[in-house]
Structures are given as C-alpha cells and as structure tokens.
Number of protein chains: 2
Amino acid sequence: MKKKATLKEIANELGVSISTVSKALKGSPEISFETTEKIKAFAKLLHYRPNNIALSLKNRQTKTIGVIIPEIVHHFFAEVIQGIETYANEHGYNVLIALSNESFDKEVFNIDTLASGSIDGFILSVSKGTLQCQDFHHLHETINQGMPIVLFDRQIPDISCDKVIVDDYQGSRRAVEALLESGCKEIALITTEDYVDVGFKRTQGYIEAHIKKGMPHKPSMVLKVDDQFFWEDALESLERRIEALLRLHPCIDGIFGVNEVYALTAMKVAQKMGYIIPKDIQVIGFTDGVLSKHAYPSLTSIKQHGKNMGREAAQMLIQRLESDDERPFETKVLQTELVERESTQLLG
Amino acid sequence: MKKKATLKEIANELGVSISTVSKALKGSPEISFETTEKIKAFAKLLHYRPNNIALSLKNRQTKTIGVIIPEIVHHFFAEVIQGIETYANEHGYNVLIALSNESFDKEVFNIDTLASGSIDGFILSVSKGTLQCQDFHHLHETINQGMPIVLFDRQIPDISCDKVIVDDYQGSRRAVEALLESGCKEIALITTEDYVDVGFKRTQGYIEAHIKKGMPHKPSMVLKVDDQFFWEDALESLERRIEALLRLHPCIDGIFGVNEVYALTAMKVAQKMGYIIPKDIQVIGFTDGVLSKHAYPSLTSIKQHGKNMGREAAQMLIQRLESDDERPFETKVLQTELVERESTQLLG
DNA sequence: TATGTTTCCGAAAACGTTTTCGTGTTGAAA
DNA sequence: TTTCAACACGAAAACGTTTTCGGAAACATA
C-alpha cells in the first residue's frame, strides 16, 4: 500500500509552509494566484485527498450518523434506512450502517467502535440477543457519554432517549377486526415468542379484536414460533407446524401472520393442502414488503411506512444534535395502513 | 449535547498528567496501584470512552473496511455483506456500509467521505448510474491515492484493482441448457438492457445454449426491460409486457428470468393466464434469494453464493492491506449452482 | 524620509491519543 | 557514604488539519 499524501509533504516539496498549502487548496484570497496554482497542480499530481478524520478531531463532530440494524435482508429495515438517508442527506449528514446480526456482542462492538469518534449520533433497532439478555449497559454508556440515540421499531423500556415505534397493537387489531367483519369465524395467529416486543403487541391486538367483536379466541389457534436461530430447516419446521395446526382445526377460515414470512408460509401450506385463497381462507400479514407484493396470490398486509419511520428518527436525532437545550425525550407512535391485495375479500 | 470526557479533563481534575491517565487506563505496570484505581474510578464516573479517531490519526489505519452497495433491499447484496462481515471480523476488521442508491453522485460522495480517513479500503459494487455515465474518475483517484478497492458483482473494464465476479455466462448457459434438455422448445428470456453488464452476459449465455444445442433462438422471444428507474407502476408495466409476450407466442414452454423478480413476475402472469407451472411452462431465475424460496410454486434458480463472494472479496482486500508488495491484480470468477425447486421438471 | 497600507506568507496552537524518554524519589547493596 | 536499580510519574513529540495572529516585504501617501 502506498501511503497517502499529506499537506506536510506538499509543503516540503514546494518549499512553502503547511498553512500556505492548506489555504491555497481552499482557495483562500490570502495566497497569490501563482502559488495557489502551483500548489493545486502539485497536489493533484500526488493525488492528495484531505484527511477528514483530522478535521473531525478539531471540529469534534463528523456530520455522520450511525445506523445499527439487526439484519440487512429485512425489507422493512431497508425502507427505514431509505428514509433516514433521505432526511439526513437533505440536512448535510452522511449515513453509515453497521449490522448486529441479532447478536448482543456484535451490537456492543459496533456501538463501541462507532461511538468512539466516527459518528455524532445513533439510530438503532436493538438486536434480539440484546432483548433476551436484557443488558442495556452499552446504550446507557453511550447516552451518558453525551451521544444521542434514537431507538426505532423494537421498544425497550427504562432507557432515556427518543424513540419511534409503530402502533403494532392498533395495526394488528384493525387487521383482525377486518377479517372478522368480512365473515371469518376462526382466525389462526402465527406469532413469535413473547419476548419479542412487537410480536407480543401484535398478539395483544389479535386478542383485543376478538374481545371487542364479542368473539371467543382459542389459545389453541395461536402458533408461537421461536425464530431466534435461523437454522437450516427453520422453514420446513414452520411449515410442518402450520400444517398440523390446519389439520387440527379444519374450521380455520382466516390466518393472521405477525410478519411476512409467517403469513406467506401459511398461505403456501394452505394452498398445498388444497385450500383456495382467499375463498376458503383469507390471509393477512404484518409488514408490507417485497414478498407480499410478489406472492401469488399477492398478500394483503399491514404497511408500516418504514420510510416515514426513518425520516422521523433522523429528524429527531438531528434536532437533538443541533440544539443545546435538553428537551425531554419523545416517543413517536406511527400508524399503520392496511393494504388490501388478493389474499383477502374484505368489506368496503 | 453534553461534551465528551477526555484524558486531559481527567488529568486536570485529578492533578496528574495526561500520560499517567492514559497509562493507568491501559493498565500499564508503570503506574502504581492506587493511582490506577483512582483514575479508573474517575474515568468511569465521567463516562469516559477513548476517541479512536485520534488513534487512527496516529496509526494511519482504522481497521475498518467500507462497503458500498447500490441497493440494500437486494438479497444478494445482503448475502455478500454477510460474507464480508464474517471474514473481516475473523481478521480483526470492522465493516461499514454505505448506499449509492444506484446513483453516480451518491457513489462519489460516499467514496469521498469514507476514503478520507474512516476506512482502510473499499469493497464495492458500482451503481447503475456510474455504469451509464462511464465515469470512473472517483475510483481511479481512490486507487491512486493508495487505497485499495475490490470490485464485486458488476464488472467494469480498464480499472486496475482486484475483482470478484460471478460466472454469469456459464450459469445462464447451464440453466437454459437444462431447460432445453428437459424438453423445452421455446424458451423466453426476460433480461435487462445491455448496458447492465450482468444482464448482457446472462443474455449471451442464453443465446450460446441455443447454439450449442443446435436450436434456433428467436430475438422476438427476448424481452429487454429497462429497470433503471423504480417508478411506481414498474411492476404493472412489466406484467403487461410479459403478458403480451406470452400471448404473442403461445408456444412458449420455458421462461428464463435474468433475476428473481423477472422470473417470478413471469410465473405469476403465466399462472393468471391459466398456465400450470411447471407442467405447461418451466421457469428458472437467476439469483437465488428469499423470493425464490417463498414463491408458490417455489422457483428453481441459479444460486450465486453471495456469501462466498463476500468472503473472497474481503480476503483479497485484507491481503492487500496487510502486505507491502505490489502483487498484480486478480480477478476471481465464482461458479454458480442450479438449485432445483418446484417450478421446473428437469432431468437427472 | 517617515508613515501607513496592502499583499503574501509562516509560526504556532489546538483537537485526543500513545509512546518514548527522561527525571526525581526511594530503598538497598557495596 | 556512595552507587545503582527500581519505581512512579511527567514532558513532549507525533498524527493531519484549520485558523488566528503576526510579520516581512512592497508599495503608496504625506
């Protein structure tokens, strides 16, 4: 590896001072035309590129915000990042992304490395690993250290920072209500274990919808899937469990999946078993992503407006970065939208 | 925003020197036990976190590699990043991701900001915008500046750096040959415009397969889609064009899509028109991602081994970073694999 | 000639850290 | 008492910038 050119080298070669080089390169009127030209030409020859890191050392800010997400394949996270990027770029900030891969250790590591100089603030969605071990010391440390954090999507209590979340409860309730209103009597729920906050809330919405409509909800119609590890045959295992559920309850005429994959897999299993979608069984998923759109039949789902979420998060962070007053921390709750496609026959 | 604690502050408060604080915090035996304890306690109180940026200024390296990808929603890119991360972490490097959103300007901007201090080297897949305007000055500058680059997936000629690519030509040829061998007579191709390198190569493979098998290939069976802009009704437009193609050639009994979405959409349209997959029409897609797996019927496709690609890229980059000798630049060509699922009835 | 005003440039500090090389104090061995 | 090592700590340089301040030279004015 060649080493990089510096102001000092240019200055030495040309027999001028470092300050002169710096000013010339910035086009300062202090420096004469000839000197400026000479320096610029030589800098170009050496492929000089200023070292911003030295700069941020001086300025104590990097104009960069760090985003840490648990997973990159997730369409929802991709949308959020789009939203963050758009807003951040409009306001002169750059965005850097790092992955936690749902692991507590990697989350801590990434926060540590980024927090120490590379960025001005964080936008992050905590990993499942962190949610499980309930260890938030890294977040507290970062906040105490004076670096603002905005949490999105996955909620955690007892942490003092801005948050943007989706109204999972409402969204899920409306979806299940819509199914009930369109005539479904027996709606299965495919959800995660309760320690995943969003899974829990969506489950709550499912239950509340039944209560509100005066319908009974049977716990045996709820399938809780532990998706902690993405082992090889996770999908097959899921399919088998769904098939068992459908065999056990032939009366099922509606399925609500707490995410795209659950809903889609359920639809696939049902189709293989001979059910016609949406005639025999109607299906709704949470999180509106590529899978829903490209499925056959395409999947009715609850859209989370990931871009908005990203925008909101970026806005909250940048506001806090650029003001000195200590405003109280906010929590923004974003509403969802029911996008109807071919997997349902809803009313209205 | 609170300001961050520094060594100097700790030193002043405790009436010792900066060097003493630094050494104490690092657990140097030079410093007495009591002093060390006192300093550590106080540092904790102040939520001190060392500023790595100052360090990388000294060391002239950051142990971080930058990855720039055109899009984040793409499953293939996600896999590549997984591969990069795994290898990089194993070798003590951190990974930072930035997005170009297929835009030339953003690619340049990201390279500029990252290149100036934050990272030691790049792994990147050039944006479509860059491919179109054919302006590679930012890459040349970065390389000349002494920062190594590894290009992956999308090829560009005349640029001196390491590259990792998929054998698009072979992969595509094998897929089409497999279709022909299983009895297909009329295979439609859905591909991109030729300026997208991978699209072009996959098209070549399609043509060569026909030539090798002594089958005629009709240009009218090839649908070239311009996917440069993801405008609102891109999908509907694609569907209409595929439908038109199928109506024009009722004899079509095989479809090869140059990516997941093309193949999947084709399958969906065919199903809507009453064709049974794979009995009436067999379908294969390039790029094996989530969509293929979750489709119904699931899609036979050409797996690109994104993780391997990421590993290879990371390995090449780190090797170059850690050795001084100027090895000649390499280009690694990775083979593909045909993953058979439900959308085909291949032989053997 | 003496004074003021440009014009052009350099010295030096600052940012936060690590590290090398002192230096002063102790205690022990000669 | 002298000599030496061990110990505990500090001073200062270095990394690459920007910026403030100052100063020398050239020129114009009185």
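Any value given below was found using the heavy atoms of this structure, including those in side chains, with hydrogens, waters and symmetry copies removed. Just so we're on the same page: letters track the sequence lines, and every chain starts at 1.
In this structure, CG of B:Leu14 is placed 17 Å from P of D:dA8, rounded to the nearest angstrom. The CG atom of B:Asn52 sits 19 Å away from the P atom of C:dC15 (whole-angstrom rounding). Atom pair A:Asn12:CG and C:dA11:P shows a separation of 11 Å (rounding to whole Å applied). The CG atom of B:Asn51 sits 18 Å away from the P atom of C:dA14 (whole-angstrom rounding). When rounded to the nearest whole Å, the span between NZ of A:Lys63 and C1' of D:dT17 equals 19 Å. The nearest whole Å value for the distance from the CD atom in A:Glu37 to the P atom in C:dC8 is 14 Å. Taking atom CD1 of A:Ile53 as the reference point, atom C1' of C:dC15 lies 13 Å away to the nearest angstrom. Straight-line distance from the CG atom of B:Asn59 to the P atom of D:dA13: 20 Å, rounded to whole Å.
DNA chain C is contacted by both B:Ala54 and B:Lys23; B:Ala54 maps to the nucleotide lying nearer its 5′ end (nearest heavy atom per residue). When each of A:Leu7 and A:Glu30 is assigned the nucleotide of DNA chain D with its nearest heavy atom, A:Leu7 is the one assigned upstream, toward the 5' end. For the pair A:Thr6 and B:Pro29, both in contact range of DNA chain D, the more 5′-proximal nearest nucleotide belongs to B:Pro29.
Here A:Tyr48 lies in heavy-atom contact (under 4.0 Å) with sugar-phosphate atoms only. Counting any heavy atom pair closer than 4.0 Å across all strands shown, B:Lys8 reaches sugar-phosphate atoms only and no base atom. B:Thr35 comes within 4.0 angstrom of the backbone, heavy atoms only, and of no base. Looking at heavy-atom distances under 4.0 Å, B:Ser22 makes contact with a base.
Side-chain contact of A:Thr62 with A:Asp120: a donor-acceptor pair under 3.5 Å is present, judged by distance alone. A donor-acceptor contact closer than 3.5 angstrom is absent between the side chains of A:Asn94 and A:Thr64. No hydrogens or angles considered: a donor-acceptor pair under 3.5 Å links the side chains of A:Thr130 and A:Glu107.
Comparing atom distances between the A:Ile18 side chain and each of C:dT19, D:dT18, C:dC9 picks out D:dT18 as nearest. Listed nucleotides: D:dT18, D:dG10, C:dA11. Nearest to the side chain of B:Val16: D:dG10.
Between B:Thr20 and the phosphate of D:dA8, there is no side-chain N or O to OP1/OP2 separation shorter than 4.0 Å. Proximity of B:Lys26 to the phosphate of C:dT18: a side-chain N or O atom is located under 4.0 Å from OP1 or OP2.
Using a distance-only test at 3.5 Å, with no hydrogens or angles considered, no donor-acceptor pair links the side chain of B:Asp153 to the main chain of B:Ser125.
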Output side-chain donor-acceptor pairs under 3.5 Å for residues 19-27 of chain A, partner residues at least two apart or in another chain, one line each.
unit_1  : atom_1 : unit_2  : atom_2 : d
A:Ser19 : OG     : A:Ser17 : OG     : 3.2
A:Thr20 : OG1    : A:Ser17 : OG     : 2.9
A:Lys23 : NZ     : A:Glu30 : OE1    : 3.4

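For A:Ser19 against C:dA11, a side-chain-to-base donor-acceptor contact under 3.5 Å is present.
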